[in-house]
Amino acid sequence: GIQDVTKLEKALKGTEKAAKSAAKGFSGMLKTKAFQGLAVAATGIATAFGLSAKAAIDFEEKMADVLKVMEDMSEKEVKALRKEIIGLGQELSISLKGIADIYEAAGQSGEAREGMREFALDVGRVATAFDVTAEEAGKAMANMKAALGLPQRELRDLFDAINHLGNNTAAASSDIM
């Protein structure tokens with residue numbers, strides 16, 4: 001009866017006191033610089049993984065588009081192409097998706113596989129110099145190359161001249177191309 005109720009009340013008060021103490025300790029921990037730093041780091045890591053996963057998915061989707069416009073390639077050649085594009089990602093200030101856009105434009109214009117790396121490097125430089133996307137630069141260069149029948153070296157010279165005009169006249173390089 002009453003003794004059991006009294007014991008239960010004491011037990012509940014003890015539990016309540018322990019819960020308040022734990023809450024106070026937890027609240028104190030949340031206010032520490034170390035915990036706040038760890039929380040910020042954990043958030044950053046989670047965001048980076050999320051962005052990395054999205055970038056990887058975008059790249060693989062774009063690789064499928066690239067392979068559609070390339071001649072039949074063996075599995076070994078596809079791996080080499082993927083490795084080449086990823087390597088260019090370390091040389092150019094363009095996303096891997098952007099570099100894959102360049103390869104797609106090159107493939108659509110009939111660029112030989114052996115010349116694609118040089119083409120991609122030139123397109124990356126033009127995209128940066130003209131302040132346009134890699135896709136825009138790639139399509140413009142591929143169209144000019146096909147229309148004028150220029151080898152890569154002469155195409156590079158043409159776009160250097162366009163850049164010179166853009167830098168020294170009122171016209172923007174991107175408008176001239």
Side-chain angles (χ1 to χ4, degrees), residues 37 39-177:
V40 168
T43 302
I45 290 168
T47 301
F49 280 133
L51 292 176
S52 294
K54 178 168 179 7
I57 290 167
D58 289 348
F59 175 65
E60 289 304 323
E61 287 174 354
K62 183 46 73 175
M63 279 300 299
D65 292 340
V66 170
L67 295 174
K68 287 177 192 173
V69 299
M70 304 286 282
E71 295 293 320
D72 290 330
M73 297 178 74
S74 69
E75 188 175 325
K76 184 178 178 182
E77 291 170 322
V78 170
K79 285 181 182 180
L81 177 65
R82 183 177 279 110
K83 184 177 180 179
E84 182 174 299
I85 291 172
I86 290 169
L88 283 172
Q90 296 172 347
E91 292 182 50
L92 300 171
S93 59
I94 298 173
S95 71
L96 292 179
K97 182 182 175 296
I99 295 168
D101 283 333
I102 295 168
Y103 275 73
E104 181 181 13
Q108 287 172 336
S109 70
E111 178 71 40
R113 171 66 185 99
E114 306 81 52
M116 287 189 172
R117 185 176 194 288
E118 181 182 8
F119 180 82
L121 284 168
D122 289 343
V123 170
R125 292 178 188 124
V126 167
T128 301
F130 290 24
D131 196 28
V132 296
T133 67
E135 184 176 16
E136 291 168 327
K139 285 183 179 177
M141 290 187 80
N143 289 341
M144 288 267 208
K145 186 172 188 171
L148 300 174
L150 298 175
Q152 191 61 37
R153 183 184 49 74
E154 290 179 24
L155 183 69
R156 184 180 315 117
D157 291 344
L158 173 62
F159 275 82
D160 284 346
I162 292 171
N163 190 43
H164 178 77
L165 287 172
N167 289 340
N168 294 291
T169 67
S173 299
S174 59
D175 293 336
I176 299 170
M177 80 171 185

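One is the number of the first residue; the rest follow in order along the sequence.
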(message) Does any part of the side chain of Asp122, heavy atoms only, come nearer than 4.5 Å to the side chain of Leu155, both counted from C-beta?
(response) no
(message) Has Asn143 got a side-chain atom pairing as donor or acceptor with Lys139's backbone, closer than 3.5 angstrom?
(response) yes
(request) Using a 4.5 Å cut-off on heavy atoms from C-beta on, say whether the side chain of Val78 contacts that of Met70. (result) no
(message) I need the minimum non-hydrogen distance between Phe130 and Phe159, along with the two atoms involved.
(response) CZ-O, 3.6 Å
(request) Under the side-chain contact (heavy atoms from CB on, under 4.5 Å) rule, collect the residues that match up with Glu104, sequence neighbours excluded. (result) Lys62, Asp65, Val66, Val69, Asp101, Gln108
(request) Taking side-chain contact (heavy atoms from CB on, under 4.5 Å) as the test, write out the residues that go with Glu61, two or more places apart. (result) Ile57, Asp58
(request) Enter the distance from Met116:CE to Ile85:CD1 here, rounded to the nearest 0.5 Å. (result) 9.0 Å
(request) Mark yes when over 12 heavy atoms from residues, nucleotides or ligands other than Asp131 sit less than 6.0 Å from its CG; otherwise mark no. (result) no
(message) Nearest 0.5 Å, please: how far is CG in Leu165 from CD1 in Ile176?
(response) 5.0 Å
(message) Return the CE to CD1 distance between Met63 and Ile99, rounded to the nearest 0.5 Å.
(response) 11.5 Å
(message) Please report the interatomic distance CG(Asn163) to OG(Ser173), rounded to the nearest 0.5 Å.
(response) 4.5 Å
(request) With the side chain counted from C-beta on, respond yes when Glu118 and Arg153 share a heavy-atom pair under 4.5 Å apart, and no when they do not. (result) no
(message) Are His164 and Asp160 packed together at the side-chain level, in the sense that at least one heavy-atom pair is separated by less than 4.5 angstrom?
(response) no
(request) Taking Glu136 for its side chain and Thr133 for its backbone only, find out whether a donor-acceptor pair lies under 3.5 Å. (result) yes
(message) Test side chain to side chain contact (heavy atoms under 4.5 Å, CB included) on Ile102 and Ile94; report intermediate values, then the result.
(response) CA-CA 10 Å; Ile102 295 168; Ile94 298 173; 4.3 Å; yes
(request) Specify the closest pair of heavy atoms between Phe119 and Ala142, including all atoms of both residues, with the distance to one decimal. (result) CZ-N, 3.8 Å
(request) Determine, for Glu135 against Lys97, whether the closest basic-nitrogen to carboxylate-oxygen distance falls under 4.0 angstrom. (result) no
(message) With heavy-atom distances below 4.5 Å as the criterion, would you say the side chains of Met144 and Met141 are in contact?
(response) no
(message) Looking at Glu77 and Arg113, is there a salt bridge between them, counting it only when a charged N and a carboxylate O are closer than 4.0 Å?
(response) no
(request) Please examine the side chains of Leu148 and Glu154, heavy atoms only from C-beta on, and report whether any two atoms are closer than 4.5 Å. (result) no
(message) In the structure I gave you, are the side-chain heavy atoms of Arg117 and Tyr103 within less than 4.5 Å of one another anywhere?
(response) yes
(request) Taking the side chain as every heavy atom from C-beta outward, state whether Thr128 and Leu92 have any pair of such atoms under 4.5 Å apart. (result) no
